[in-house]
Amino acid sequence: MSIPGVLSFTQQAWEQVLAKVKRAVVYLDAASAESLHWGCGSSRLLEAVGSPACYLREFEPAAVGGGADQPKAVFVLSCLLKGRTVETLRDIICRSHFQYCVVVTAVNHAVHLTANHVPAAAAAELEGQQPVFEQLEEKLCEWMGNMNYTAEVLHIPLLLAPVAPHLALTPAFASLFPLLPQDVHILNGARPDKRRLGSLSEVDATALTPELLLQIRCLVSGLSSLCEHLGVREECFAVGSLSRIIAADLANFAPAKNRRKTATGRASVVFVDRTLDLTGAVGHHGDNLVEKIISVLPQLPGHTNDVMVNMVELTALQAEEENQNMVAPGCLAQSNDPAAKALWEALLNTKHKEAVMEVRRHLVEAASRENLPIKMSMGRVTPGQLTSYIQLFKNNLKALGNHCGLLQLGLATIQTLKHPQTAKWDNFLAFERLLLQSIGESTMSVVLNQLMPMIKPSNQRTSDDYSPGELLVLLVYIYSVSGELSVDKDLGEAEEKVKKALAQVFCEESELSPLLQKITGELVLLLRIVSCGHRGHLHCRQLGERPSKWHTL
């Protein structure tokens with residue numbers, strides 16, 4: 001038996017799902033699909049379904065229902081069974097011919113009681129019972145049109161997307177983001193004058209909106225399930241206002257209290273607000289190939305943590321732009337390919353130069369095993385050299401099938417090394433180092449004035465100049481490493497110049513990048529830098545949402 005860990009936690013959860021899906025139409029939401037993608041792969045789900053037809057569908061209001069020859073459905077959901085989720089379930093089932101429905105939720109029943117406003121005392125008396133799930137089972141039968149049909153609602157903790165044995169992500173909570181200083185003003189809007197908050201340090205769970213509290217409780221539910229799988233009694237530490245609230249909620253979560261009584265191991269859990277280390281997210285000081293791959297290659301649709309790898313190189317198609325979408329993209333997740341998984345873990349844990357050499361070594365070994373006519377070359381690894389190795393597999397269908405995962409990682413490496421953004425990486429790094437030196441020796445107004453000549457409209461930019469999106473990244477870096485600033489006349493004037501220059505550049509862009517589209521939406525950009533705490537946040541968002549969902553610099 002394997003040692004309990006994040007990978008076994010996810011795989012055991014999916015085994016419970018796979019046991020339910022034989023000959024079923026399977027609907028997954030985006031977060032559940034991402035957990036499957038990294039945990040065991042869609043091929044395992046297709047094998048478990050056991051049907052020649054593709055029975056996998058996205059869970060959405062417009063999803064195709066089940067036909068007369070499809071009596072069984074399994075819905076795998078990462079969220080609470082409430083509100084729009086239940087409405088979507090109803091709509092899909094009512095236009096189908098299902099006689100057997102299974103609904104899997106990643107959220108514990110105790111959280112569903114909280115979402116349905118059941119008091120803590122009453123919830124404690126319901127231990128061992130699942131009235132919310134039982135009521136939904138009755139509704140499922142009603143929507144199927146016959147109360148004698150079969151319905152099941154169960155909780156399976158599909159919290160994690162295990163990227164590596166010791167690294168896991170939580171795609172269902174990709175939009176959860178720490179509170180910001182200006183959130184205090186929003187929270188105070190719903191509080192009487194005598195109970196107004198003075199700063200983020202005063203914020204506790206009672207001050208948060210019900211929606212944000214429920215999102216936190218859903219996260220806590222998953223974390224508690226993980227600790228149960230690991231057999232540990234956790235001790236929580238927190239750095240940051242939102243992390244403090246999450247740690248306290250986990251400590252007070254009723255199912256967690258019961259679990260700790262029998263846990264034999266111990267573990268320390270450290271929660272850290274992402275806003276306390278934005279430089280780690282936007283800086284270019286990391287010498288890691290995976291960081292560059294994720295930064296420059298396009299995002300895999302519907303995913304938060306994987307990229308699209310162009311596979312045209314392995315086909316007879318010309319590598320031209322119009323052919324890019326004719327072949328399904330590759331990706332980084334290779335959960336069912338041991339050789340590719342070994343390479344992926346090596347890429348995560350080594351520096352850029354060693355990682356590229358590791359890619360070459362794996363390609364050479366794979367070609368040798370397939371008796372392909374490989375020509376060895378030593379010295380510096382180049383994109384052309386790696387491409388020549390990959391081309392050897394092109395007309396050998398058996399070799400392609402045997403090493404498909406490895407070839408996807410190899411192509412991801414080649415496309416990253418060739419990408420124009422990679423060539424700029426060292427430029428970013430040099431400028432960030434210069435900024436650190438300037439911030440230590442000069443005022444912020446001087447640093448911003450140094451940035452001004454770099455803000456150029458599209459008709460004046462060369463390939464070496466910074467795009468509007470890259471300028472925003474630099475601004476985040478500048479303000480993050482500067483910490484708290486005292487406002488003076490010079491700083492105010494410098495910021496106004498930067499704002500006007502950026503606004504002008506944005507307005508003159510013929511096409512906005514995906515980042516700028518997220519910031520501006522469909523509205524005319526209003527660049528309003530808020531002068532509080534970490535400066536540099538646009539003034540439009542929802543409480544507790546991450547930057548990609550609300551407008552931030």
Side-chain angles (χ1 to χ4, degrees), residues 1-20 31-32 34-36 38-40 76-81 102-115 118 120 123-133 152-173 176 205 213-238 243 245-272:
M1 183 177 176
S2 62
I3 298 173
V6 295
L7 184 57
S8 63
F9 173 66
T10 304
Q11 290 177 336
Q12 284 185 22
W14 277 105
E15 287 299 327
Q16 296 178 60
V17 175
L18 298 180
K20 297 285 185 181
S32 297
E34 194 162 359
S35 174
L36 172 70
W38 287 99
C40 55
V76 186
L77 308 174
S78 61
C79 54
L80 278 165
L81 303 179
V102 179
V103 177
V104 175
T105 174
V107 181
N108 189 294
H109 183 266
V111 185
H112 283 82
L113 291 175
T114 302
V118 177
E125 295 177 2
L126 293 171
E127 187 175 354
Q129 303 176 53
Q130 298 186 330
V132 177
F133 289 176
E152 293 180 61
V153 179
L154 58 152
H155 162 241
I156 298 176
L158 302 170
L159 170 71
L160 302 178
V163 175
H166 303 291
L167 175 63
L169 307 168
T170 55
F173 302 95
L176 183 63
L213 271 176
L214 268 180
Q215 194 175 15
I216 290 172
R217 183 57 61 87
C218 290
L219 173 60
V220 163
S221 161
L223 293 174
S224 179
S225 296
L226 173 61
C227 291
E228 181 176 7
H229 172 78
L230 298 175
V232 298
R233 183 173 67 256
E234 71 279 8
E235 186 176 3
C236 296
F237 302 88
S243 291
I245 293 170
I246 294 173
D249 200 52
L250 178 57
N252 295 319
F253 187 46
K257 288 182 178 179
N258 296 331
R259 166 181 54 77
R260 292 190 199 101
K261 294 175 183 177
T262 57
T264 56
R266 296 181 64 184
S268 296
V269 182
V270 182
F271 297 92
V272 182

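In this chain, numbering begins with 1 at the start of the sequence shown.
- Side-chain N or O atoms of H112 include one that pairs as donor or acceptor with a backbone N or O of N108 at under 3.5 Å.
- The side-chain heavy atoms of S32 and V17, taken from C-beta on, include no pair separated by under 4.5 Å.
- Between Q215 and F173, the shortest heavy-atom contact is O-CE2, 3.4 Å.
- Taken from NE2 in H155 to CD in Q16, the straight-line distance is 9.0 Å, to the nearest 0.5 Å.
- Judged as a side-chain contact (heavy atoms from CB on, under 4.5 Å), and not counting sequence neighbours, the contacts of A106 are L158.
- The distance from the CG atom of L80 to the SG atom of C218 is 4.0 Å, given to the nearest 0.5 Å.
- Between W14 and S35, the shortest heavy-atom distance links the atoms NE1-OG, 3.0 Å.
- Residues E234 and R266 are not paired through a salt bridge, judged by the lack of any N-O separation under 4.0 Å between the basic side chain and the carboxylate.
- Using a 3.5 Å distance cut-off with no hydrogens or angles, the side chains of T10 and W38 do not pair a donor with an acceptor.
- Scanning both residues, E127 and N258, for their nearest heavy atoms gives OE2-ND2, 3.8 Å.
- Counting all heavy atoms, side chain and backbone alike, V6 lies closest to P165 at CG2-O, 3.2 Å.
- Here the side chains of H109 and V132 are in contact, with some heavy-atom distance below 4.5 Å.
- At a threshold of 4.5 Å between non-hydrogen side-chain atoms, the residues L167 and P162 do not count as touching.
- Looking at L160 and L169, their side chains never come closer than 4.5 Å, going by heavy atoms from C-beta outward.
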**OP:** Just do the side-chain contact (heavy atoms from CB on, under 4.5 Å) check on V103 and F133 with the steps written out, would you?
**Re:** CA-CA 9 Å; V103 177; F133 289 176; over 6 Å; no
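- Across all non-hydrogen atoms, the minimal contact from G39 to Q11 is O-NE2, 3.5 Å.
- Under the 3.5 Å distance criterion, the side-chain polar atoms of S8 are matched with a main-chain donor or acceptor of G5.
- Between L154 atom CG and T105 atom OG1 the span is 9.0 Å, to the nearest 0.5 Å.
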Original post:
Going through the checks in order, is the side-chain contact (heavy atoms from CB on, under 4.5 Å) test met by L77 and V104?
Top reply: CA-CA 6 Å; L77 308 174; V104 175; over 6 Å; no
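- The CD1 atom of I216 sits 6.5 Å away from atom CG of L176, with the distance rounded to the nearest 0.5 Å.
- Counting heavy atoms from C-beta on, the side chains of R259 and R233 never come closer than 4.5 Å.
- Summarising the geometry of A247 relative to F271, their closest heavy-atom pair is CB-CD1, 3.8 Å, with the distance given to 0.1 Å.
- Here C227 contributes atom SG and F253 contributes atom CZ; the two are 11.5 Å apart, rounded to the nearest 0.5 Å.
- Counting only heavy atoms from C-beta outward, the side chains of R217 and D249 approach each other to under 4.5 Å.
- Interatomic distance, CG of L223 versus CD1 of I246, reported as 8.0 Å (0.5 Å rounding).
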